[in-house]
Amino acid sequence: QVQLVESGGRLVQAGGSLRLSCAASGRTASYYAMGWFRQAPGKEREFVAAISSRGGNTYYADSVKGRFTISRDNAKNTVSLQMNSLKPEDTAVYYCAAAPTSGTVVAGTPHYWGQGTQVTVSS
């Protein structure tokens, strides 16, 4: 079992930056691939970024490539999402997720989800 708790969401102006963090707990948390998803009002949840268990491979949605960076610190059991050049369309609830493989995360079928943190980008 892996528990995930996100933090860092807040209101930010367009063009600004924000860093989200996800704390994972559980004996095998560091063995899991991790990722971020987001869900805007009235829209389906969508994949944002993923990182392999050891951090060697990262994956991004086209909409955030070049602006967002995912990273992890297995010693602290945390995964972060650095978001730069934020746009109003980035407004959403951001969810942390975990799965045994990166492919499972990218496919949108992770095994574990956090509760989400709200990011609002004002124009």
Side-chain angles (χ1 to χ4, degrees):
Q1 191 79 1
V2 177
Q3 293 80 42
L4 305 171
V5 179
E6 304 94 335
S7 62
R10 61 176 176 87
L11 174 65
V12 62
Q13 288 190 332
S17 298
L18 199 59
R19 188 176 183 88
L20 304 182
S21 293
C22 174
S25 60
R27 289 186 304 169
T28 59
S30 62
Y31 297 149
Y32 280 75
M34 303 287 291
W36 290 91
F37 291 75
R38 66 186 182 186
Q39 186 168 21
K43 295 187 177 181
E44 293 187 354
R45 191 176 299 186
E46 64 175 1
F47 167 75
V48 174
I51 188 166
S52 58
S53 59
R54 296 186 178 183
N57 294 298
T58 57
Y59 310 84
Y60 297 94
D62 288 343
S63 59
V64 306
K65 203 171 292 184
R67 299 188 298 123
F68 291 11
T69 302
I70 188 170
S71 61
R72 68 188 297 163
D73 184 339
N74 282 347
K76 297 180 179 179
N77 273 354
T78 59
V79 61
S80 298
L81 185 68
Q82 177 66 42
M83 305 186 293
N84 299 328
S85 302
L86 283 162
K87 306 174 181 179
E89 51 263 44
D90 294 318
T91 295
V93 177
Y94 283 71
Y95 296 90
C96 181
T101 67
S102 301
T104 307
V105 177
V106 174
T109 56
H111 294 194
Y112 303 103
W113 293 95
Q115 293 300 307
T117 185
Q118 176 70 48
V119 173
T120 303
V121 184
S122 63
S123 57

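Count residues from 1 along the sequence. The structure presented is a predicted model; accordingly, all values stated were derived computationally and were not measured.
- For the pair Asn77 and Gly26, the tightest heavy-atom approach, listed with the atom from each and the gap, is ND2-O, 4.2 Å.
- The OG atom of Ser21 sits 13.5 Å away from atom CZ of Arg72, with the distance rounded to the nearest 0.5 Å.
- No donor-acceptor distance shorter than 3.5 angstrom exists from the side chain of Gln115 to the backbone of Glu6, with no hydrogens or angles considered.
- Contact record, Gly108 with Trp113: O-CZ2, 4.5 Å, taken as the closest heavy-atom pair.
- Residues that satisfy the side chain to side chain contact (heavy atoms under 4.5 Å, CB included) test with Glu89, not counting sequence neighbours, are Lys87.
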Hey, mind stepping through Val119 and Thr91 against side chain to side chain contact (heavy atoms under 4.5 Å, CB included) and telling me if it holds? CA-CA 5 Å; Val119 173; Thr91 295; 5.9 Å; no
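- Heavy-atom minimum distance, Ala98 versus Pro110: O-CB, 3.4 Å.
- Annotation for Gln82: atom CD counts as buried by contact number, over 12 foreign heavy atoms lying within 6.0 Å.
- None of Val48, Leu86, Thr69, Leu81 except one satisfies the side chain to side chain contact (heavy atoms under 4.5 Å, CB included) rule with Val64; the exception is Val48.
- Between Asn57 atom CG and Ile51 atom CD1 the span is 9.0 Å, to the nearest 0.5 Å.
- The distance from atom NE2 of His111 to atom OG1 of Thr101, rounded to the nearest 0.5 Å, is 7.0 Å.
- Residues passing the ring-ring contact (aromatic ring centres under 6.0 Å, His included) test with Tyr112, sequence neighbours excluded: Tyr32.
- Atom OG1 of Thr58 and atom CE of Met34 lie 14.5 Å apart (nearest 0.5 Å).
- A 6.0 Å sphere centred on CZ of Arg19 holds more than 12 heavy atoms belonging to other residues, nucleotides or ligands.
- Going from atom CG of Asp90 over to atom CE of Met83 covers 7.0 Å, rounded to the nearest 0.5 Å.
- Ala24 and Leu4 make their closest contact through CB-CD2, 3.7 Å (heavy atoms, listed as atom of the first residue, atom of the second, distance).
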Evaluate Arg38 against Glu46 for side chain to side chain contact (heavy atoms under 4.5 Å, CB included), listing each step before the verdict. CA-CA 5 Å; Arg38 66 186 182 186; Glu46 64 175 1; 2.6 Å; yes
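- At distances below 3.5 Å, at least one donor-acceptor pair connects side-chain atoms of Asn74 with backbone N or O atoms of Ser53.
- With sequence neighbours excluded, the residues that form a side chain to side chain contact (heavy atoms under 4.5 Å, CB included) with Lys43 are Ala40.
- Shortest non-hydrogen contact noted between Tyr95 and Arg45 is CZ-NH2, 3.8 Å.
- Residues Val93 and Val105 share a single hydrophobic cluster, defined by chaining ILVMFWY side chains whose heavy atoms lie under 4.5 Å apart.
- Pairs engaging residues 93-106 under the salt bridge (Lys or Arg N to Asp or Glu O under 4.0 Å) rule: none recorded [sequence neighbours left out].
- Shown here are the ring-ring contact (aromatic ring centres under 6.0 Å, His included) partners of Phe47, two or more places apart in sequence or in another chain: Phe37.
- Within the model, atoms SG of Cys96 and CD1 of Ile70 stand 8.0 Å from one another, a figure rounded to the nearest 0.5 Å.
- Tyr60 and Val106 are members of different hydrophobic clusters when ILVMFWY side chains are connected at heavy-atom separations under 4.5 Å.
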Under 3.5 Å donor-acceptor pairs involving side-chain atoms of residues 10-17, not counting sequence neighbours:
from, atom 1, to, atom 2, distance (Å)
Ser17, OG, Asn84, OD1, 2.9

